[in-house]
Amino acid sequence: MSPRLPRLNTILAFKTAAEAGSLAKAAQALALTPAAVSQQIRQLEQQLSTQLFLRTQQGVQLTEAGKAYLRYISEAFDILQLAQQSLLEESAPPRLTLWSLPALASKWLTPALIQWQQAEPDIALALHGTHAHVDFAATPADFVICFGEHHYPQLEKAPLFQDDVIPVASPALAARFNDAHHFHRAPLIHLDWGNEGRFLPAWRDWLLARGVPASHAAGGLTFNLTSLAIDAAVQGAGLLLGQRRLIRQELARGDLVALDTLRLALSKPYFLAWPARTLSQPGGPAMLQWLQQLAQQSTE
């Protein structure tokens, strides 16, 4: 056996043929002729002084030595692949991953992303929307925006804002129901946040605060996603108690109209949470500052 390592193309020809079980299929995969693949494998066998394949009418079959050699070179190719992936990751731009409640991601964050891109053009951002708990140990994650501060007791946290709700409707519905004393005649849109729903003012709460009987506040449509409720209100499906920071775009475009000035605050603020490692990553401190500034802008 020669002490020199075989040429890489002969090893690749052997690996491809072994995995395909056919010289013809290996030739097709390598863009070679079957004869060329066969010749490269024979060169490899000669250099190793070992028969790697049994040639049969049905194709090629690995010898015991061939099976052992395939295991070793497969591991070697896996290591080469890891090395290449590592270099690609090192050459890729820095990347941050931000998780958020879906409505905040679509209605509050997304309209402002151009600000982040202009401020930090060299930091890539991945924005994910979820209601699930984010496992920072098992999931690519640098920040998460959550409702309340109790969800991530082991992480660093900073308050962003405490939102409030106001009654809104499409322009057509607003023309018909512009007096709180008439709201009981209108279709109402409700939100069902499950256990978190007790922290969100409901129609009954708002009507009682306005001094209007709330006996007819339970009818209408119910959604479990805030973004769906907002879209339904824009389509004229009913009156909505909309979170002001999530309906800014709809109000600015005239898709929704405020029906009253009375605001009721949510019982908990939104928080930003992150592990300590995040602020040592490129762009981490800048993202924290940008989100805090964005939260401050949305309160003005």
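Note that the structure is predicted; figures quoted are calculated from it, not measured.
- Side chain of Ser106 to backbone of Pro102: a donor-acceptor contact under 3.5 angstrom is found.
- Of the inter-residue distances, the one linking Met287 atom CE with Leu96 atom CG reads 5.5 Å to the nearest 0.5 angstrom.
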ask   = side chain to side chain contact (heavy atoms under 4.5 Å, CB included) between Arg198 and Ser267: does it pass, once the steps are laid out?
value = CA-CA 8 Å; Arg198 64 187 187 276; Ser267 300; over 6 Å; no
request  = For side chain to side chain contact (heavy atoms under 4.5 Å, CB included), just list the numbers for Val165 and Arg244, CA-CA rounded to whole Å, side-chain angles, deciding distance to a tenth of an Å, and then say yes or no.
outcome  = CA-CA 6 Å; Val165 299; Arg244 284 195 307 120; over 6 Å; no
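- Note that the OG1 atom of Thr16 and the CD atom of Gln28 stand 12.0 Å from one another [nearest 0.5 Å].
- Counting only distance, with no hydrogens or angles, the side chain of Thr50 and the backbone of Leu48 share a donor-acceptor pair below 3.5 Å.
- The environment of CZ in Arg176 is sparse: at most 12 heavy-atom neighbours from other residues, nucleotides or ligands sit within 6.0 Å.
- Note on Ile73 and Leu8: same hydrophobic cluster, where clusters join Ile, Leu, Val, Met, Phe, Trp and Tyr whose side-chain heavy atoms are under 4.5 Å apart, directly or indirectly.
- For the pair Val37 and Phe14, the minimum side-chain heavy-atom distance is 4.5 Å or more.
- Each of Glu250, Gln243, Gln249 was compared with Ile247 under the side-chain contact (heavy atoms from CB on, under 4.5 Å) criterion, and only Glu250 meets it.
- At a threshold of 4.5 Å between non-hydrogen side-chain atoms, the residues Leu23 and Ser38 count as touching.
- Rounded to the nearest 0.5 angstrom, Leu54 CG and Gln61 CD are separated by 6.0 Å.
- Between Phe161 and Tyr270, the two ring planes are tilted [angle within 30° to 60°].
- Note that CD1 of Ile11 is 11.0 Å distant from CD of Gln40, once rounded to the nearest 0.5 Å.
- A pairwise comparison of heavy atoms in Ile41 and Ala17 identifies CD1-CB, 3.8 Å as the closest pair.
- Under the 3.5 Å distance criterion, the side-chain polar atoms of Thr130 are matched with a main-chain donor or acceptor of Ala132.
- Residue Lys25 places its NZ atom among 12 or fewer non-hydrogen atoms of other residues, nucleotides or ligands, all under 6.0 Å distant.
- Nearest heavy atoms, Pro187 versus Ala237: CB-O, 3.7 Å.
- Under 4.0 Å is where a charged nitrogen must lie from a carboxylate oxygen, and between Lys268 and Glu149 no such pair does.
- Taking 4.0 Å as the cut-off between side-chain N and carboxylate O, Lys107 and Asp231 count as a salt-bridged pair.
- For the pair Pro201/Leu266, a side-chain contact is recorded, criterion being any heavy-atom separation below 4.5 Å from C-beta on.
- Side-chain contact check for Gln43 and Arg7: at least one donor-acceptor pair (N or O, by modelled atom type) lies under 3.5 Å.
- Annotation: side chain of Leu127 is in contact with side chain of Leu113 (closest heavy-atom distance under 4.5 Å).
- Side-chain contact annotation: Gln281 with Arg277, donor-acceptor N/O pair under 3.5 Å present.
- Counting only distance, with no hydrogens or angles, the side chain of Gln47 and the backbone of Arg4 share a donor-acceptor pair below 3.5 Å.
- Cluster membership check: Leu246 shares its hydrophobic cluster with Leu101, using side-chain heavy-atom separations under 4.5 Å among Ile, Leu, Val, Met, Phe, Trp and Tyr.
- Listed here is the closest heavy atom pair of Val212 and Ala180: CG1-O, 3.7 Å.
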ask   = Stepwise, does the ring-ring contact (aromatic ring centres under 6.0 Å, His included) test hold for Phe271 with Tyr152?
value = CA-CA 10 Å; Phe271 277 80; Tyr152 298 91; over 10 Å; no
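- Screening Leu98, Leu279, Asp142 for a side-chain contact (heavy atoms from CB on, under 4.5 Å) involving Trp274 leaves a single residue, Leu279.
- No hydrogens or angles considered: nothing links the side chains of Tyr69 and Glu64 as a donor-acceptor pair under 3.5 Å.
- In terms of modelled atom types and a separation under 3.5 Å, the side chain of Thr63 and the main chain of Leu52 share a donor-acceptor contact.
- His182 contributes no side-chain N or O that, together with a main-chain N or O of Asn178, makes up a donor-acceptor pair within less than 3.5 Å.
- Remark: the backbone N or O of Pro6 is not paired with any side-chain donor or acceptor of Thr10 at under 3.5 angstrom.
- Taking a cutoff of 4.0 Å between a charged side-chain nitrogen and a carboxylate oxygen, Asp260 and Arg210 qualify as a salt bridge.
- In this structure a side-chain-to-backbone donor-acceptor pair under 3.5 Å is present from His184 to His181.
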key: ring-ring contact (aromatic ring centres under 6.0 Å, His included) evaluation trace for Trp206 with Phe183   = CA-CA 11 Å; Trp206 189 91; Phe183 285 0; 5.7 Å; yes
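- Put simply, Leu240 and Val257 are part of two different groups of oily side chains (I, L, V, M, F, W, Y) that touch within less than 4.5 Å, one to the next.
- Cluster membership check: Phe223 shares its hydrophobic cluster with Val168, using side-chain heavy-atom separations under 4.5 Å among Ile, Leu, Val, Met, Phe, Trp and Tyr.
- Tracing side-chain contacts under 4.5 Å through hydrophobic residues (I, L, V, M, F, W, Y), one reaches Trp203 starting from Phe199; they form part of the same cluster.
- Here the closest heavy-atom approach between residue Ala36 and residue Leu32 is recorded as CB-CB, 4.3 Å.
- Atom-to-atom distance recorded for Lys157:NZ and Leu272:CG is 10.5 Å, nearest 0.5 angstrom.
- The side-chain heavy atoms of Thr97 and Phe143, taken from C-beta on, include no pair separated by under 4.5 Å.
- Using a cut-off of 4.0 Å between Lys/Arg side-chain N and Asp/Glu carboxylate O, Lys67 and Glu19 are scored as not salt-bridged.
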ask   = Where do Trp116 and Ile123 land on the side chain to side chain contact (heavy atoms under 4.5 Å, CB included) test, with the steps shown first?
value = CA-CA 9 Å; Trp116 168 258; Ile123 306 296; 3.8 Å; yes
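- No donor-acceptor pair under 3.5 Å is formed between the side chain of Trp108 and the backbone N or O of Ala295.
- With Glu45 contributing its side chain and Phe53 its backbone, the two residues share a donor-acceptor pair below 3.5 Å.
- Exactly one of His128, His133, His131 qualifies for a ring pair (Phe, Tyr, Trp, His ring centres under 6.0 Å) with Trp99. That residue is His128.
- The two atoms that bring Leu256 and Ser170 nearest to each other are CD2-N, 3.9 Å, heavy atoms only.
- Taking the side chain as every heavy atom from C-beta outward, Leu241 and Ile166 never approach each other to under 4.5 Å.
- Using a 4.5 Å heavy-atom cutoff, the side chains of Leu109 and Ile145 are in contact.
- Taking CZ from Arg42 and CD from Gln39, the interatomic distance works out to 10.0 Å, rounded to the nearest 0.5 Å.
- In this structure, Leu191 and Thr222 approach most closely via the heavy-atom pair C-CG2, 4.5 Å.
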Derivation of the side chain to side chain contact (heavy atoms under 4.5 Å, CB included) call for Leu239 and Ile189 = CA-CA 6 Å; Leu239 279 54; Ile189 295 175; over 6 Å; no
